[in-house]
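Proteins come first, then strands; the chains are lettered A, B, ... in the order of their sequence lines, and each starts at number 1.
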Amino acid sequence: MRVSFTVNGRRQEADDVWEGESLLYVLRERLGLPGSKNACEQGECGSCTVRLDGVPVCSCLVAAGQAEGREIVTVEGLADFARQRSEHTGCATGACNSVGGDGISLDEAQRWAAKGQDSQTGEGAELSPVQQAFIDAGAVQCGFCTPGLLIAADEMLERNPNPTDADIREALSGNLCRCTGYEKIMDAVRLAAARQSEAV
Amino acid sequence: MGTTGTPTNITQGSGTRGGIGESTLRPDGTLKVTGEFAYSSDMWHEDMLWGQILRSTVAHAEIVSIDTAEALATPGVYAVMTYDDLPTEVRHYGLEIQDTPVLAHGKVRHHGEPVAIVAADHPETARRAAAKIKVEYRELPVITDEASATAPGAVLVHEGRTDHHIGHVPHPNIVHRQPIVRGDAGQAALGADFVVRGEYTFGMQDQAFLGPESGLAVPAEDGGVELYIATQWLHSDLRQIAPVLGLPEDKVRMTLSGVGGAFGGREDLSMQIHACLLALRTGKPVKIVYNRFESFFGHVHRHPAKLTYEHGATKDGRLTHVKARIVLDGGAYASASPAVVGNASSLGIGPYVVDDVDIEAIALYTNNPPCGAMRGFGAVQACFAYEAQMDKLADAVGMDRVAFRQLNAMEQGSLLPTGQRVDSPAPVAELLRRVKAMPLPPERQWLSAGEDADVRQLPGGLSNTTHGEGVVRGIGYAVGIKNVGFSEGFDDYSTARVRMEVVGGVPVATVHTAMAEVGQGGVTVHAQIARTELGVAQVTIQPADTRVGSAGSTSASRQTYVTGGAVKNSCELVREKVLEIGRRKLGTYHPAWATAELLLEGGKVVTDGGEVLADLVDVLEDEAVEVEAEWRHRPTEPFDLRTGQGDGHVQYSFAAHRAVVEVDTELGLVKVIELACAQDVGKALNPLSVVGQIQGGTTQGLGVAVMEEIIVDPKTAKVRNPSFTDYLIPTILDTPTIPVDVLELADDHAPYGLRGIGEAPTLSSTPAVLAAIRNATGLQLDRTPVRPEHLTGTA
């Protein structure tokens with residue numbers, strides 16, 4: 001079957017998709033977007049987390065056909081997504097001035113489009129606040145959990161600009177990490193939140 | 001209580017930014033946060049096929065027949081291979097003992113053993129085709145424990161063993177046996193005022209790295225193969241792969257792809273040979289990616305163990321003797337079992353001084369899943385048992401548990417039960433003091449946010465099972481000792497190629513090693529070392545591959561020590577050559593070229609007095625200086641096979657933990673509130689990464705304390721929980737705050753005085769949590785992990 005949807009602001013089509021293929025498989029193997037990871041393919045680890053019409057989901061549990069006509073944001077588009085959100089709201093995490101806000105609207109998500117960038121080496125890449133905070137805080141070791149955690153953490157900060165530690169733990173409890181013991185991930189999310197509140 | 005050793009002083013490079021001792025950021029960080037970092041499962045090639053492995057559905061059986069006809073006839077299938085299709089007479093592999101068939105031959109020895117492989121144009125086609133292969137098994141009785149392994153008439157897991165351990169083991173179903181005998185434990189026991197005994201059980205833990213086993217094999221025009229792979233040691237893989245393919249090693253060209261964690265689980269081969277075989281058979285690139293279910297069958301696990309201990313002490317709290325017997329279940333194939341036995345036995349009494357010791361450790365061959373390397377490697381299981389014993393004995397003597405440990409703690413100059421003298425700082429008592437001195441988390445912390453209980457801070461968490469009723473706090477302590485580097489006489493070297501040249505008007509260093517970066521941050525540290533030693537700002541880290549000499553394994557806490565040491569050594573050789581060039585070209589301009597000690601700082605040649613002699617750009621001009629050299633740490637020697645005596649270890653790593661837990665005693669639910677750690681790291685080359693390693697290791701120890709265990713059915717030897725739904729690893733909600741106190745006492749034998757750090761925190765974390773749960777509940781708890789039924793008496 002043919003599946004078409006919008007990924008990181010760009011309309012994409014995939015042909016000859018077998019009905020059993022997951023959104024994760026189509027992203028990784030057909031659209032050349034392997035940033036979303038395949039650690040368990042059972043919906044337990046969160047490494048494949050993407051936003052589907054704004055909602056964080058495990059893309060391994062979404063049949064590719066279910067994504068037809070919908071909007072998807074993956075880690076590859078996160079920096080542009082955050083920048084666009086910042087331009088719309090004046091706030092890169094989306095959370096500023098909107099305590100307990102409603103997240104990004106479907107309308108906004110649909111108007112959003114990614115810009116191309118050269119990321120062969122990663123040098124000069126423009127990063128979202130959460131991405132930068134993960135690097136700065138030492139929250140990345142092997143990095144396999146990182147894309148899913150970034151999507152989940154970014155979405156939480158969009159809803160909740162001043163999370164307590166318990167809020168962070170609850171929001172990220174669907175994302176397994178085996179390397180860090182989570183302490184540096186906590187630091188990274190706190191750092192992203194703090195930088196955001198300073199910037200307001 | 002005093003500490004010995006002094007902080008490391010560095011002259012060369014101390015003025016260079018981004019050198020050792022700084023928390024520089026990962027060079028691969030940006031790629032990893034943007035999704036651009038290419039892990040082995042992300043590899044893609046035009047015209048690529050997908051490989052699939054058919055695995056045995058039973059644990060122990062003769063293979064009566066294999067029928068691949070229907071699988072081969074499936075549209076989209078390019079190849080199906082079994083044992084009979086292997087290209088050469090070399091059809092087995094293994095880290096130390098080549099006992100593992102590439103594909104099962106006549107017999108399967110464990111659940112999930114590879115039997116056949118398929119290549120097809122879609123992964124689902126490959127899976128369905130593999131399912132069409134008909135394998136007829138005639139089941140054999142299963143060997144599952146020591147009793148069944150050594151029973152009269154027991155089936156031999158491996159017939160006709162010829163490995164070098166068979167001569168000294170008491171039974172062919174025992175892989176290796178290592179006694180450690182020092183003094184006279186029987187005589188010394190007579191002088192004990194208190195004796196405690198215990199029998200402990202350690203469950204089978206999985207490394208559960210998140211990046212599944214995967215790789216891409218691309219056939220080359222010269223008949224060779226290029227393999228893009230996630231592994232811990234490229235050259236060890238190469239040594240095992242090439243003979244099976246019938247290729248010389250230079251025709252198997254391996255490049256390290258992104259590795260999604262390892263923790264010991266990638267020391268053995270997984271899909272490497274299978275992907276290469278299919279690629280060479282079909283002439284097309286072949287990618288294999290395990291899913292999580294297959295990953296649980298695709299790598300070795302931590303040895304489950306039964307440990308029997310007797311400890312004695314005098315009235316004033318001095319240890320008199322230790323007797324121990326450690327039985328490790330190695331499963332169906334040897335993997336790293338012999339070395340795990342060496343560690344468990346030689347470190348079997350922990351970081352304590354005991355003159356009279358009688359230890360025996362063995363590893364079994366059974367039909368359970370193969371077990372081998374995992375972070376902590378034999379020392380973990382022993383630490384769980386000896387620390388439980390130390391608590392019991394302290395209680396018997398009537399001493400404080402920490403004070404009792406401190407009284408018996410080893411220190412620099414102490415002897416191990418192997419007779420080896422500890423010739424670098426061993427601040428065991430100090431680490432315990434530090435971890436005990438940390439402030440405790442507040443009581444009833446679940447009320448800290450307000451009047452209502454925050455269930456997220458309570459046992460049971462969001463299941464909302466208690467608001468504090470029935471919740472009891474407990475505190476526990478533990479300390480451990482881990483060896484660093486490969487022991488027992490292994491030639492544990494590494495190789496580094498370092499190049500220095502002027503690029504774009506600035507001096508640039510390029511570091512090329514075969515070190516497997518598995519997440520630990522070796523690439524960060526190599527750049528720091530190069531900056532420190534060569535005084536440059538810009539360092540390029542080349543991808544790891546087999547075009548440079550072996551770096552040894554990323555395991556045994558050894559890479560910063562050994563490959564870090566190799567990078568340092570090669571940089572020093574490069575520096576000498578650069579200075580020679582400088583003397584040759586510019587020596588006549590300033591007498592200091594001949595008379596002063598010269599350093600490279602900030603892109604310049606300077607005297608140790610700080611006088612600038614030349615710019616590196618002017619020294620090098622268009623010359624490039626390159627050195628590839630091997631580097632070795634001090635040699636070790638094997639343990640005597642009867643007494644276990646010998647200088648078998650390179651270095652030791654010590655960590656201590658204090659665990660604070662809250663237990664819902666009615667439901668048997670445990671919440672670990674805090675896991676404080678103090679560790680001596682010798683020298684923190686990158687403090688941010690050091691703390692990250694300690695916290696990560698601590699959390700893996702927490703996992704095996706309260707949740708992680710591969711359950712193997714004792715009747716069938718089949719794995720019952722191969723998924724993240726049923727094998728639970730700690731989530732961010734299960735993991736407490738982990739305050740870390742880093743001590744830096746230099747080991748004068750090691751580069752920069754550093755100490756390998758990755759494993760020690762995994763040792764003491766588990767027994768500290770268990771001690772805290774015992775403290776909260778008053779229960780004996782002789783096994784780990786602890787499950788609710790063990791706490792509620794419903795087991």
Which of [options] touches chain B most, by non-hydrogen pairs under 4.5 Å:
options                       : answer
A:R28, A:K37, A:R169          : A:R169
A:Q42, A:Q132, A:E21          : A:Q42
A:C145, A:A137, A:P34         : A:P34
A:C40, A:G138, A:P147, A:A139 : A:C40

Side chain, backbone, both or neither: which part of [X] has a heavy atom under 4.5 Å from chain B?
X      : value
A:L127 : side chain
A:L150 : side chain
A:S173 : both

Is it the backbone or the side chain of [X] that comes under 4.5 Å from a heavy atom of chain A, or both, or neither?
X      : value
B:F724 : both
B:L462 : side chain
B:V740 : neither
B:F293 : neither
B:Q693 : both

Test item: [X] side-chain N/O and [Y] main-chain N/O as donor-acceptor pair under 3.5 Å:
X      : Y      : answer
B:R292 : A:E41  : no
A:Y182 : B:P730 : yes
B:Y39  : A:G35  : no

Are the side chains of [Y] and [X] in contact, using a 4.5 Å heavy-atom criterion?
X      : Y      : answer
A:F144 : B:S41  : yes
A:T180 : B:Q695 : no
B:W50  : A:E29  : yes
A:D167 : B:R456 : yes
A:R178 : B:Q700 : yes
B:I732 : A:N175 : no

Can you name the closest pair of heavy atoms from [X] and [Y] and give their distance?
X      : Y      : result
A:A166 : B:Q457 : CB-NE2, 4.2 Å
B:L25  : A:D136 : CD1-OD1, 3.5 Å
B:V33  : A:Q131 : O-NE2, 2.7 Å

Quick one: pull up [atom1] in [X] and [atom2] in [Y] and give me the separation to the nearest 0.5 Å.
X      : Y      : atom1 : atom2 : answer
A:C142 : B:F37  : SG    : CZ    : 9.0 Å
A:E170 : B:T731 : CD    : OG1   : 11.0 Å
A:N38  : B:D42  : CG    : CG    : 7.0 Å
A:I135 : B:T34  : CD1   : OG1   : 8.0 Å
B:D454 : A:T164 : CG    : OG1   : 7.0 Å
B:H122 : A:W18  : NE2   : CH2   : 7.0 Å

Largest heavy-atom contact set with chain A, pairs under 4.5 Å, which of B:D734, B:L702, B:L688: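 Top count of heavy-atom pairs under 4.5 Å with chain A: B:L688.
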Choice from B:S295, B:P736, B:S214 maximising heavy atom contacts with chain A below 4.5 Å: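 Going by pairs under 4.5 Å, I would pick B:P736.
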Atom CG of A:D15: over 12 foreign heavy atoms under 6.0 Å: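 Atom CG in A:D15 is packed in, count exceeds 12.
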side-chain contact (heavy atoms from CB on, under 4.5 Å), paired with A:E183, selected from B:I694, B:T699, B:I738, B:T698: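 Running side-chain contact (heavy atoms from CB on, under 4.5 Å) over B:I694, B:T699, B:I738, B:T698 with A:E183 returns exactly one hit, B:I738.
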